[in-house]
Asker: 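Quick one: structure below, then a few questions.
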There are 2 protein chains.
Amino acid sequence: MATRTGQDGLSRERIVDAAIAMLDEGGDGALTFRALSTRLKTGAGAIYWHVANKSELLSAATDAILAEALRSDEADTSPRGQIRAIALGLFDAIDEHPWVGGQLSRLASQAGTLQIFERIGQQVEALGVPAGEQFYAASALLNYILGSAGQNAANARVHEPGTSRADLLGAEAAVWTSLDPATFPFLHRVARQMGDHDDREQFMAGIDLILAGISAGR
Amino acid sequence: MATRTGQDGLSRERIVDAAIAMLDEGGDGALTFRALSTRLKTGAGAIYWHVANKSELLSAATDAILAEALRSDEADTSPRGQIRAIALGLFDAIDEHPWVGGQLSRLASQAGTLQIFERIGQQVEALGVPAGEQFYAASALLNYILGSAGQNAANARVHEPGTSRADLLGAEAAVWTSLDPATFPFLHRVARQMGDHDDREQFMAGIDLILAGISAGR
DNA sequence: ACCTGAACACCGTTCAAGT
DNA sequence: ACCTGAACACCGTTCAAGT
C-alpha cells in the first residue's frame with residue numbers, strides 16, 4: 001500500500017512548507033511560483049495541481065502558522081489569562097514570521113482570523129461580559145491585535161530582513177527626533193521611549209487597556 | 001507670467017488626483033501606470049518625471065485623503081471628544097476610500113500614520129495621562145484604528161466594489177451561521193448581531209473601551 | 001525641462017503535451 | 001493522476017530619443 005508520499009512527489013503540504021520557508025527567508029516579495037517551483041525541483045505549473053492559486057497558498061501558509069500559535073497550553077486558565085495567552089502567542093508568531101502580520105491585516109474573515117475571533121469570543125463570554133456586549137468587546141480585542149500585527153509586519157518590511165529590533169527602534173526614534181518640535185510635540189517627547197521600549201510589553205499594555213475598559217463597563 | 005499650469009501639462013497633483021479617482025473606482029488592483037497614463041493621455045514613463053515610483057504615488061494618495069480626514073472642526077473640544085472626532089474622521093474617510101485602509105495598515109511610520117499618532121498623542125496628553133503612560137495609551141488607540149482600517153479594507157476587497165453594506169454583513173453572517181456550532185459556539189451565537197450591526201457604532205465602541213481602560217488605570 | 005514609447009525584466013496563470 | 005515547460009497577458013521601471 002505504500003504509494004509514494006515521502007521526499008519526492010509533490011503534495012500540498014510540501015508546497016506550503018516550502019512557501020513558509022521562502023517567506024521566512026525573504027519576506028513577502030520572495031514568494032513567486034517560479035522560485036517556488038525551482039526550490040521544489042518541478043515545473044511552474046505543477047504547483048497548480050495541488051493549490052488553486054497564490055492567494056490560496058498564502059492563506060494556507062498563514063493558517064499553518066496560526067494553528068501552531070493558537071495551540072497554547074497556558075497554565076493560567078482564567079479568562080483574562082487565556083486572552084493574554086492568545087494575544088502573546090500571536091505576537092510571538094508574527095514576530096517570528098512578520099509576513100503573517102501583513103497577511104492577517106489584509107485578510108478579513110479568512111479561516112485563521114475566524115479562529116482567533118472565536119477563541120477570543122469564548123473567553124470574553126467566560127469573562128462574564130453580557131451577551132449583548134460580547135461582540136463589540138471581542139471585536140475590539142481582535143482589531144487591536146490585527147492592527148499591531150500589521151504595524152509589526154510593516155516595520156519588518158521597510159528594513160532589511162536581518163535588522164535587529166534595537167536598530168529598528170533606534171532608526172524610528174531618530175526620525176521622530178528629527179521632526180519639527182513645534183508641529184510634532186508629542187512624537188518629539190516620546191521619541192526616547194520609542195527608542196528603547198519593549199515591543200512585546202507595549203503590545204500587552206494595549207491588551208490590558210482594553211481588558212480594563214471591558215471590566216470598567218460593568 | 002502665466003506659464004502653462006492648468007488642464008494640460010502633467011503635474012504631481014494631477015497625477016495623484018487621477019490615482020485617487022482610479023483607486024476609488026476600481027480598488028487596489030485598478031491602479032497601474034499604464035491605465036494611469038492612458039487616463040492622463042500621456043506616455044507610461046512620463047509619470048516618473050513627477051513621481052519616484054508606485055509606492056510613493058500610493059503614499060501621496062493616502063496622505064492626501066488623510067490630510068482631508070484629519071481637518072476636523074469638532075465642536076466638542078474635550079480631549080475625549082477630540083479623540084473620538086479623529087477616530088470617526090478616519091473611519092469615514094476609509095469607508096469612502098477603502099484602499100486607504102489597506103495602505104494605512106501596511107505602512108508603518110509613513111507621514112500619514114505619524115500625523116495620526118501625533119494628533120492622538122496630543123489629546124492623550126490633554127487627557128491627563130501621566131507622561132510615562134502616554135506612549136502606550138496612544139499606541140493602543142492607533143493600533144486599534146489601524147486594525148479596524150485594515151479589516152474594513154479587506155472586507156471591501158473580497159466583494160465587488162458596488163456591494164451594499166447590508167449585503168456584505170449579511171453574507172458574512174451567513175458564513176458564521178454555516179459553521180459547526182460545536183467548534184464555533186461564539187461565532188454562531190453572535191452571527192445575528194453580525195448581520196445587522198452598525199460598523200461605525202462598533203468601531204466607536206472599541207475606541208470607548210480603550211478610553212475607559214485609560215481612565216480606569218488612574 | 002518635460003514627454004514619448006519601445007524595451008527589459010519580471011509576474012501569475014493556463015494548457016497542450018507528455019508519463 | 002500528476003507533471004512539464006512554453007506561451008499568454010499582464011506588471012513596474014528604464015532610457016534613448018524627441019521637443
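Each chain gets a letter, A, B and so on, in the order the sequences are listed, and its residues count up from 1.
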Asker: Before accepting this row, confirm whether a basic side-chain N of the pair A:R39/A:E25 lies closer than 4.0 Å to the acidic partner's carboxylate O.
Answerer: yes

Asker: What is the distance from CD1 of B:I47 to C1' of D:dT13, rounded to the nearest Å?
Answerer: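 Rounded to whole Å, this separation is 11 Å.
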
Asker: Expressed in angstrom and rounded to an integer, what is the separation of B:D28 atom CG from D:dG12 atom P?
Answerer: 12 Å

Asker: B:I15 has an atom CD1; how far is it from atom P of C:dC2, in whole Å?
Answerer: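 Taking CD1 of B:I15 and P of C:dC2, I get 12 Å after rounding.
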
Asker: Counting any heavy atom closer than 4.0 Å, what does B:L36 reach on the DNA or RNA strands: base, sugar-phosphate only, or nothing?
Answerer: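 Here B:L36 touches no strand at all.
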
Asker: Consider side-chain contact (heavy atoms from CB on, under 4.5 Å). Of A:V16, A:L57, A:V100, which one does A:T62 pass it with?
Answerer: A:V100

Asker: Looking at C:dC3, I'd like to know if its phosphate oxygens (OP1 or OP2) sit under 4.0 Å from a side-chain N or O belonging to B:H50.
Answerer: yes

Asker: Applying a 3.5 Å limit to both distances, which nucleotide forms a Watson-Crick or G-U wobble pair with D:dA1?
Answerer: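 Because both required distances fall under 3.5 Å, D:dA1 counts as paired with C:dT19.
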
Asker: How many Å lie between CZ on B:R34 and C1' on D:dT13, as a whole number?
Answerer: 9 Å

Asker: Round to a whole Å and report the spacing from CZ of A:F33 to P of D:dA6.
Answerer: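 Value for this atom pair: 19 Å.
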
Asker: Taking the side chain from A:H188 and the backbone from A:T177, do they hold a donor-acceptor pair closer than 3.5 Å?
Answerer: yes

Asker: Would you mind reading off the distance between B:Y48 atom OH and C:dC2 atom P, rounded to a whole angstrom?
Answerer: 18 Å

Asker: In whole Å, I'd like the distance from the NZ atom of A:K54 to the C1' atom of C:dT13.
Answerer: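 In whole Å, C:dT13 C1' lies 12 Å from A:K54 NZ.
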
Asker: Does the side chain of B:W49 get closer than 4.0 angstrom to OP1 or OP2 of C:dC3 through an N or O atom?
Answerer: no

Asker: Does B:R119 use its side chain to pair, donor to acceptor, with the backbone of B:L70 at less than 3.5 Å?
Answerer: yes

Asker: Starting from C1' on D:dG12, measure out to CG on B:N53 and report it in whole angstrom.
Answerer: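 It is 9 Å, rounded to the nearest whole Å.
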
Asker: So what's C:dG12 paired with, Watson-Crick or G-U wobble, going by both distances under 3.5 Å?
Answerer: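 Base-paired to D:dC8.
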
